[in-house]
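Below, chain A is the first sequence line, B the second, and so on; all start at residue 1.
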Protein chains: 2
Amino acid sequence: MEHRIDRIKKQLHSQSYKLTPQREATVRVLLEREDDHLSAEDVYLLVKEKAPEIGLATVYRTLELLSELKIVDKINFGDGVSRYDLRKEGAKHFHHHLVCTECGSVEEIEDDLLEDVERIVQNEWGFQVKDHRLTFHGICKQCQTITVNASS
Amino acid sequence: MEHRIDRIKKQLHSQSYKLTPQREATVRVLLEREDDHLSAEDVYLLVKEKAPEIGLATVYRTLELLSELKIVDKINFGDGVSRYDLRKEGAKHFHHHLVCTECGSVEEIEDDLLEDVERIVQNEWGFQVKDHRLTFHGICKQCQTITVNASS
DNA sequence: TTTTATATTTATAATAATTATAGTTTAAGT
DNA sequence: ACTTAAACTATAATTATTATAAATATAAAA
């Protein structure tokens with residue numbers, strides 16, 4: 001973890017931003033909950049445990065900054081809140097999501113499934129792809145078995 | 001257009017909803033601006049031209065209802081507003097979007113580019129896909145040429 | 001046609017998420 | 001230590017969306 005914090009620190013410094021204690025605490029929360037998809041409010045509450053004096057606005061600003069630097073990605077699953085998702089280190093593309101409409105769980109897919117599709121978009125539409133957002137809505141493995149059991 | 005309104009009317013009736021004048025006016029706006037990606041506020045302002053007495057809440061409720069019936073899709077391009085996008089008649093899947101980070105334009109792709117990917121998700125992750133959201137961020141054809149010209 | 005019950009609407013208030021502001025603190029560079 | 005700019009806290013303001021109450025419209029039953 002320290003290693004990643006160090007790298008993020010350097011990324012900030014390279015754009016002449018500082019890694020303040022508040023920012024560091026925020027990053028630590030994101031690292032600790034890497035698989036989750038926290039809202040700004042969620043992050044705020046968790047950061048408060050480490051740094052009780054932090055303000056909500058600071059969390060918003062920090063998340064915004066981390067977004068700009070492509071350290072986190074801001075996503076929206078349609079429930080009215082933005083969620084913040086740490087990019088895997090060195091990941092070239094933003095990972096995909098599987099959102100279960102039954103239980104609300106969110107699974108991540110790291111594999112880049114869009115290489116072919118992006119090539120098509122590039123060639124046939126002349127659109128120069130820089131990034132993407134891909135989310136599938138459906139029923140997760142677990143809920144499928146539950147449904148089967150319940151109906152038997 | 002009348003034909004499509006009629007079909008939507010039937011869809012509503014089949015779930016025992018009514019096509020009130022306000023709802024019809026809203027649907028007409030969506031049909032007239034089929035290629036746009038209007039926010040609730042946008043729709044409200046346009047509907048007001050046809051039916052000045054309509055309230056904003058009614059527009060929200062109507063759009064919500066149309067979403068449930070899968071007549072429109074609610075999308076979010078990350079700018080804090082939900083946008084509503086009419087499904088093409090008979091379309092099985094939700095179309096994809098190309099959002100230009102330079103000029104903000106939004107292009108639609110009707111082709112289903114995700115058949116293979118969905119198969120993989122289904123087979124390898126055991127996730128039963130019901131719907132998807134795919135948006136590419138990048139530079140549209142037009143902005144690419146402008147950029148080239150500007151820098152020459 | 002009148003009555004009745006229900007769905008829907010308007011107008012407005014409330015809520016929730018996010019952003020802006022003012023004054024204070026912190027930290028880096030001289 | 002001194003100066004300057006960045007960043008912070010606390011709070012107010014804004015924006016998008018949802019909920020509520022009273023009024024209206026609509027379809028079905030009498």
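Annotation: side chain of A/His95 is in contact with side chain of A/Asp85 (closest heavy-atom distance under 4.5 Å).
When the P atom of C/dA27 is taken as reference, atom CG of A/Leu12 falls 15 Å away, rounded to whole Å. In this entry the distance linking NZ of B/Lys18 with P of D/dT26 reads 8 Å, nearest Å. What separates OH of B/Tyr17 from C1' of C/dA7 is a distance of 11 Å, to the nearest Å. In this structure, A/Tyr44 places its OH atom 11 Å from P of D/dT11, rounding to the nearest Å. One interatomic measurement links the two molecules: CD of A/Glu24 to P of C/dA27, which rounds to 12 Å at whole-angstrom precision. Atom CD of B/Glu53 is separated from atom P of C/dA11 by 8 Å (rounded to the nearest Å). The separation between A/Glu68 atom CD and C/dT19 atom P is 11 Å, rounded to whole Å. For the pair A/Leu19 CG and C/dA28 P, the interatomic distance rounds to 11 Å; values are reported in whole Å.
Environment of OH in A/Tyr17: sparse, with no more than 12 heavy atoms of neighbouring residues, nucleotides or ligands closer than 6.0 Å.
Counting any heavy atom pair closer than 4.0 Å across all strands shown, B/Arg61 reaches a base atom.
With respect to B/Glu107 and B/Lys141, no salt bridge is recorded, no charged nitrogen being found less than 4.0 Å from a carboxylate O. Comment: A/Arg119 does not engage A/Glu115 in a salt bridge, judged by the lack of any side-chain N to carboxylate O separation of less than 4.0 angstrom. With respect to the salt-bridge test (charged N to carboxylate O, under 4.0 angstrom), the residues B/Glu2 and B/Arg28 qualify.
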- Check step by step if side chain to side chain contact (heavy atoms under 4.5 Å, CB included) holds for B/His97 and B/Arg83. CA-CA 12 Å; B/His97 293 99; B/Arg83 297 179 179 279; over 6 Å; no
All N/O pairs under 3.5 Å across the protein-nucleotides 16-19 of chain D interface:
residue: D/dT17; atom: OP1; partner: B/Ser82; partner atom: N; Å: 3.1
residue: D/dT17; atom: OP1; partner: B/Ser82; partner atom: OG; Å: 3.2
residue: D/dT17; atom: OP2; partner: B/Tyr60; partner atom: OH; Å: 2.5
residue: D/dT17; atom: O5'; partner: B/Tyr60; partner atom: OH; Å: 3.3

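Remark: B/Thr58 is not in phosphate contact with C/dT8, judged by side-chain N or O atoms under 4.0 Å from OP1 or OP2. When the side-chain nitrogen and oxygen atoms of A/Thr20 are compared with OP1 and OP2 of D/dA6, none of them lie within a distance under 4.0 Å. A sub-4.0 Å separation between OP1 or OP2 of D/dA25 and a side-chain N or O of B/Gln22 is absent.
With sequence neighbours left out, the side-chain hydrogen bond (donor to acceptor under 3.5 Å, both in side chains) criterion links B/Arg133 to B/Asp73, B/Asp131.
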